[in-house]
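Indexing begins at 1, ligand by ligand and atom by atom, following the structure's order.
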Amino acid sequence: MGRKFFVGGNWKCNGTGEEVKKIVSTLNAGEVPSGDVVEVVVSPPFVFLPLVKSTLKPDFHVAAQNCWVKKGGAFTGEISADIAEMLVNLGIPWVILGHSERRLLLNESNEFVGEKVAYALSKGLKVIACVGETLEQRESGSTMEVVAAQTKAIADKVSNWANVVLAYEPVWAIGTGKVATPAQAQEVHSELRNWFQANISPEVAATIRIIYGGSVSGANCKELAAKPDVDGFLVGGASLKPEFIDIIKSAEVKKNC
Ligand code: 13P
């Protein structure tokens, strides 16, 4: 069975109420391939989750941008994934964890991200888990070592990968306009798949969706989508714009592969 194309929109810390309503109406009006062909998940800032959840067409799903590593309680400013608590209770099925902006700006370690992924999964959330190297790491030839260590820290805590999408997001490509070439993305995705084959199982290697993030746009998405191990995208800046619809449509490219 093929891996269903996945397009995530990470709105990051952007948007006013008015802007959010506009983005949602653009998404609702967009003519996109059916849910059999592409899975679409958008991730607004926490304060807009209920608004987006209640106004977005039901074919699209919603993700939180983070959640706490354990049950809720005295953790000022955090959001609990716990069942009967916040995200699951609101009907938010997805969460993004391990984004490089949190790893680098908020010092989230590989181990901490692994714990968060495991906890979120145990509470019934699906996880978009992000990995990726910095420019220095790429230039020193350690890209694969870095992303393998980030993935291993998740694997140390997680045994069922069915509800995980892995997002390869090279830090040097995020928000820079400097997109990885299709060959660069394919190389890392295929090596990650080999890593799953060698360290987890052939079944997980064959089925896990590995999506690319970093300056994806309406202009470059088709070429990237044509690569065999690119199973979709995690989109930042362009997910706030009408071109996000074009990125969703790039799922059609897989039909011709
Ligand atoms: P940009 O698409 O703005 O480069 O951001 C990518 C990203 O970080 C998605 O999570």
Side-chain angles (χ1 to χ4, degrees), residues 5-15 19-20 23 26-27 38-46 48-49 52 60-67 92-108 113 116-117 120 125-135 137-138 143 146-147 150-151 154 164-182 184-185 188-189 192 209-225 227 230-251:
F5 205 75
F6 183 101
V7 179
N10 177 6
W11 298 359
K12 308 192 180 183
C13 187
N14 290 297
E19 284 162 350
V20 164
I23 298 169
T26 304
L27 287 172
V38 63
E39 185 167 6
V40 179
V41 175
V42 296
S43 189
F46 281 111
F48 298 123
L49 282 172
V52 175
F60 293 170
H61 291 289
V62 182
Q65 293 179 16
N66 179 38
C67 65
I92 305 298
W94 287 91
V95 62
I96 298 173
L97 293 172
H99 194 282
S100 62
E101 284 152 13
R102 297 193 64 87
R103 290 179 186 268
L104 297 171
L105 301 173
L106 299 164
N107 293 323
E108 291 197 0
V113 171
K116 282 187 172 193
V117 172
L125 286 171
K126 300 181 199 184
V127 176
I128 302 166
C130 306
V131 299
E133 82 288 3
T134 63
L135 185 60
Q137 290 165 334
R138 172 159 283 264
T143 296
V146 169
V147 297
Q150 291 168 335
T151 309
I154 297 170
V164 180
V165 168
L166 193 70
Y168 167 57
E169 299 205 298
V171 176
W172 47 270
I174 295 178
T176 58
K178 206 174 149 199
V179 66
T181 64
Q184 283 172 322
V188 178
H189 286 220
L192 277 167
R209 288 175 292 179
I210 305 177
I211 62 175
Y212 168 79
S215 296
V216 176
S217 68
N220 59 33
C221 58
K222 282 192 182 163
E223 257 195 319
L224 285 158
K227 291 294 175 189
V230 174
D231 302 319
F233 301 115
L234 187 55
V235 184
S239 71
L240 301 163
K241 303 181 190 159
E243 72 183 285
F244 189 60
I245 300 291
D246 298 321
I247 298 172
I248 298 170
K249 284 185 186 158
S250 71

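- Remark: E133 engages R138 in a salt bridge, criterion side-chain N to carboxylate O under 4.0 Å.
- Geometrically, ligand 1 and E169 share a nitrogen or oxygen pair separated by less than 3.5 Å.
- When the heavy atoms of S239, S215, C130 are ranked by distance to atom 1 (P) of ligand 1, first place goes to S215.
- Protein heavy atom in closest approach to atom 5 (O) of ligand 1: K12 NZ, 3.2 Å.
- Between atom OG of residue S239 and atom CD1 of residue I247 there is a gap of 8.0 Å, rounded to the nearest 0.5 Å.
- Only the backbone of A173 comes within contact range of ligand 1, with a heavy atom under 4.0 Å; no side-chain atom does.
- Listed by number with element, the atoms of ligand 1 under 4.0 Å from a non-hydrogen atom of L234 are 9 (C), 10 (O).
- Interface atoms of ligand 1 facing H99, defined by a heavy-atom separation under 4.0 Å, are 7 (C), 8 (O), 9 (C), 10 (O).
- Here N10 has side-chain heavy atoms under 4.0 Å from ligand 1, and that is the only part of it that gets that close.
- A pairwise comparison of heavy atoms in V127 and A120 identifies CG2-CB, 3.9 Å as the closest pair.
- Below 4.0 Å from some heavy atom of G214 lie the following atoms of ligand 1, by number and element: 4 (O), 6 (C).
- Polar contact check, A238 against ligand 1: no nitrogen or oxygen pair lies under 3.5 Å apart.
- Ring centroids of W94 and F6 are separated by less than 6.0 Å, placing the two rings close together.
- Looking at Q184 and Y212, their side chains never bring a donor and an acceptor atom within 3.5 Å of each other.
- Counting protein heavy atoms only, atom 3 (O) of ligand 1 is closest to G237 N, 2.8 Å.
- When atom types are taken as modelled, the side chain of S215 and the backbone of G177 share a donor-acceptor pair closer than 3.5 angstrom.
- Using modelled atom types, one finds no donor on one side chain facing an acceptor on the other under 3.5 Å when comparing H61 with E39.
- Nearest heavy atom pair, residue A180 against residue L224, reads O-CD2, 3.9 Å.
- Among G175, G236, G177, the residue whose heavy atom sits closest to atom 4 (O) of ligand 1 is G175.
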